[in-house]
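Before any comments, here is the structure.
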Amino acid sequence: GTLDLMVRSLSSFLISRGIGHGDKVAILLPNSLEFITSFFSVASLGAVSLPLNVAYKAEEIRFYVSDSRVKLLITEERLKSIAEKVTDGLGISIIVVRGDKKGWSYLDSNKHPYIKVLIQPSDDALYLYSTGSTGRPKRVARTHFNLTALADNHTQTVGLTDKDRVLFTVPLAHTYGFGNFISAVKVGASIYVLERFNRNKVADLIERESITIFPAVPFMLNVMAVTYSSKPRDFSSLKLVISAGAPLSRQTFFKFHERFGVYPRQLYGSTETGVISINLSQDIENNFDSVGLPVKNVEVKIFREDGNE
């Protein structure tokens, strides 16, 4: 309910700044409640979100916002100077929604109107950039239907429910983090966000909040299991640790289980498609290096270079 109030309040603010159906809005924010609010506010107007990883270099961001014809950029006070630099001369407005000098706060709003916008499932909701294989990054558009279908495919495959608690330290601005985030919201799971990876904070949160699902990358799992010695941890609440973004080494796989009692499961996806497959094998010890079977409603075919299946 509180999130709904925040979304409607920010949506109203965005309307006052001239944002409407089909407009492109960049979101330059770390993992945060403000990132989540911004995405849903933009989506509720029929506008298109362009999430930007705060770790991107300035020249990268400038290319993305220019190529996407962004009209407005949402950021935080700490990143405002970078936002001004990358939008200089492009005619892009900037609003600050996080920090001490916010241009918007849902607490300041006396009314939270319901936004009435006609949105089709085929309307674009999200832009992401893929490094692709050649040249400059390619813009990938995801529709509202794409996002809900991805969420259904993923949650129905792994059994995600409203009882789950999902910890996000992988960037929500990246396809991997975003796909898991939208899936968690779709089923009403609880979401915990960290701005950046910190092994102590991650371990503390898993224990204290009884986290059940932890999407990670191999580097994080390796730091926690192999290179990090600390007090014993109780990770018994974890039912699914997902590894994606790079191959998971044998050492990290077995060491993580040895220390925390749960095997990481490899997931495969792409910016162009979202999640494709996940390894939920019963015989995981002998199949740890596989990315598993396609998720529900996804088909995989392999083609030769000549185009033949």
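Just so it is clear, the values below take in all heavy atoms, side chains as well, and ignore hydrogens, waters and symmetry mates.
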Of Ile74, Leu14, Ile95, the residue whose pairing with Ile19 passes side chain to side chain contact (heavy atoms under 4.5 Å, CB included): Leu14

message: Donor-acceptor pair, distance only, cut-off 3.5 Å: does the side chain of Arg17 make one with the backbone of Ser93?
response: no

- prompt: After noting the C-alpha distance and the side-chain angles of Glu60 and Lys57, does the key distance pass the salt bridge (charged side-chain N to carboxylate O under 4.0 Å, His left out) rule?
  reply: CA-CA 5 Å; Glu60 287 182 275; Lys57 293 182 171 61; 5.2 Å; no

query: What distance separates Ile182 CD1 from Thr148 OG1, expressed to the nearest 0.5 Å?
result: 9.0 Å

query: Under 4.0 Å between a Lys/Arg side-chain N and an Asp/Glu carboxylate O for Lys296 and Asp152?
result: no

message: I'd like to know whether Asp164 forms a salt bridge (charged side-chain N to carboxylate O under 4.0 Å, His left out) with Lys239, so could you lay out the CA-CA distance, the side-chain angles of the two residues, the decisive distance to 0.1 Å, and finally the verdict.
response: CA-CA 9 Å; Asp164 281 307; Lys239 69 178 189 182; 3.0 Å; yes

field: Worked check of ring pair (Phe, Tyr, Trp, His ring centres under 6.0 Å) between Phe39 and Phe178
entry: CA-CA 10 Å; Phe39 167 73; Phe178 189 89; 4.9 Å; yes

query: Are Leu79 and Leu29 close enough that some pair of their side-chain heavy atoms sits under 4.5 Å apart?
result: no

message: With a 3.5 Å distance limit and no angle check, can you tell me whether Arg62 reaches the backbone of Val86 through a side-chain donor-acceptor pair?
response: yes

query: So which heavy atom on Leu45 is nearest to which on Ile119, and how close?
result: C-CD1, 4.4 Å

message: Can you confirm whether Val42 sits close enough to Val48 that some side-chain heavy atom of one is under 4.5 Å from a side-chain heavy atom of the other?
response: no

Contact summary for Thr87 and Ile94, nearest pair of heavy atoms: OG1-CD1, 3.5 Å

- request: Enter the distance from Ile27:CD1 to Phe35:CZ here, rounded to the nearest 0.5 Å.
  value: 5.5 Å

query: Taking side chain as C-beta onward, heavy atoms only, is Ile284 less than 4.5 Å from Asn279?
result: yes

message: I'd like to know if Leu172 and Tyr129 are part of one continuous hydrophobic network [Ile/Leu/Val/Met/Phe/Trp/Tyr, side-chain heavy atoms within less than 4.5 Å].
response: no

message: Is there a side-chain contact between Leu33 and Leu3 in this structure, where contact means two heavy atoms from C-beta onward sitting under 4.5 Å apart?
response: yes

message: Using a strict threshold of under 4.0 Å (side-chain N to carboxylate O), is an ion pair present between Arg78 and Glu195?
response: yes

- prompt: Which atom names give the shortest non-hydrogen contact between Val262 and Phe256, and what distance separates them?
  reply: O-CD2, 3.4 Å

task: Would you please test Ser12 and Ser9 for side-chain hydrogen bond (donor to acceptor under 3.5 Å, both in side chains) and show each step?
output: CA-CA 5 Å; Ser12 180; Ser9 174; over 6 Å; no

field: Short side-chain to backbone donor-acceptor contact, Thr75 and Leu28, under 3.5 Å
entry: yes

message: Less than 4.0 angstrom from a charged side-chain N to a carboxylate O is my criterion; do Lys24 and Asp124 meet it?
response: no

- prompt: Does Arg165 offer a backbone N or O that forms a donor-acceptor pair with the side chain of Thr212 under 3.5 Å?
  reply: yes

task: Compare all side-chain heavy atoms of Val185 with those of Phe40 and state whether any distance is below 4.5 angstrom.
output: yes

field: Sequence-distant partners of Phe168, ring-ring contact (aromatic ring centres under 6.0 Å, His included), two or more places apart
entry: none

statement: Minimal heavy-atom distance between Leu248 and Phe288, with the atoms involved, is O-CE1, 4.1 Å

query: To the nearest 0.5 Å, how far apart are CG in Leu72 and CG in Leu50?
result: 12.0 Å

field: ILVMFWY cluster, Val54 and Val97 together (side-chain gap under 4.5 Å)
entry: no

message: So, applying ring pair (Phe, Tyr, Trp, His ring centres under 6.0 Å) with Phe260, which one of Phe254, Phe214, Phe235 is it?
response: Phe235

- prompt: Below 4.0 angstrom, N of the basic side chain to O of the carboxylate: do Lys80 and Glu77 qualify?
  reply: no

- prompt: Side-chain contact, heavy-atom cut-off 4.5 Å: Met220 with Thr169?
  reply: yes

- request: Determine yes or no for a side-chain-to-main-chain donor-acceptor pair under 3.5 angstrom, with Asp88 supplying the side chain and Glu84 the backbone.
  value: no

query: Counting only N and O atoms by type, is there a donor-acceptor contact under 3.5 Å from the side chain of Asn198 to the main-chain atoms of Lys201?
result: yes

- prompt: Roughly how far, to the nearest 0.5 Å, is CD of Gln120 from NE2 of His21?
  reply: 7.5 Å

query: What do you reckon, is CD of Gln282 surrounded by more than 12 foreign heavy atoms closer than 6.0 Å?
result: no

message: Could you tell me if the side chain of Pro215 sits less than 4.5 Å from the side chain of Val166, heavy atoms only?
response: yes

message: Considering only residues two or more places apart or on different chains, which pairs with a residue in residues 25-40 satisfy side-chain hydrogen bond (donor to acceptor under 3.5 Å, both in side chains)?
response: Glu34-Arg98

- prompt: Do Asp289 and Arg250 pass the salt bridge (charged side-chain N to carboxylate O under 4.0 Å, His left out) test, and can you show the C-alpha distance, the side-chain angles, and the key distance before you say yes or no?
  reply: CA-CA 7 Å; Asp289 55 353; Arg250 180 183 183 86; over 6 Å; no

Side-chain donor or acceptor of Tyr176 paired with backbone N/O of Val217 under 3.5 Å: no

message: Tell me whether Thr161 contacts the main-chain N or O of Lys163 through its side chain, where contact means a donor paired with an acceptor under 3.5 Å.
response: yes

- request: For residues Ile278 and Tyr268, determine if any side-chain heavy atom of one lies less than 4.5 Å from a side-chain heavy atom of the other.
  value: no

message: Tell me whether the count of non-hydrogen atoms from other residues, nucleotides or ligands lying under 6.0 Å of CG in Leu293 goes above 12.
response: no

- request: Would you tell me whether Ser243 and Gln266 have side-chain atoms, one donor and one acceptor, within less than 3.5 Å of each other?
  value: no

task: Might you point out which heavy atoms bring Ser66 and Leu90 nearest each other, and give the distance in Å?
output: CB-CD1, 4.2 Å

statement: Interatomic distance, CE@Met224 vs CZ@Phe219, rounded to 0.5 Å, equals 11.5 Å

query: Does Asp283 offer a backbone N or O that forms a donor-acceptor pair with the side chain of Ser281 under 3.5 Å?
result: yes

Distance-only polar pair, side chains of Ser41 and Ser44, donor-acceptor under 3.5 Å: no

query: If you take all heavy atoms of Tyr127 and Ala141, which pair is closest and at what distance?
result: CE2-CB, 3.8 Å

task: May I ask you to check whether Thr143 and Asn146 show a side-chain donor-acceptor distance below 3.5 Å?
output: yes

query: Do Asp234 and Ser236 get their side chains close enough for a donor-acceptor pair, meaning under 3.5 Å?
result: yes

Nearest-0.5 Å distance, CG of residue Leu126 to CG of residue Leu150: 10.0 Å

Any donor-acceptor N or O pair under 3.5 Å, side chains His154, Asn180: yes

- prompt: Quick one: are the ring centres of Tyr263 and Phe253 less than 6.0 Å apart?
  reply: yes

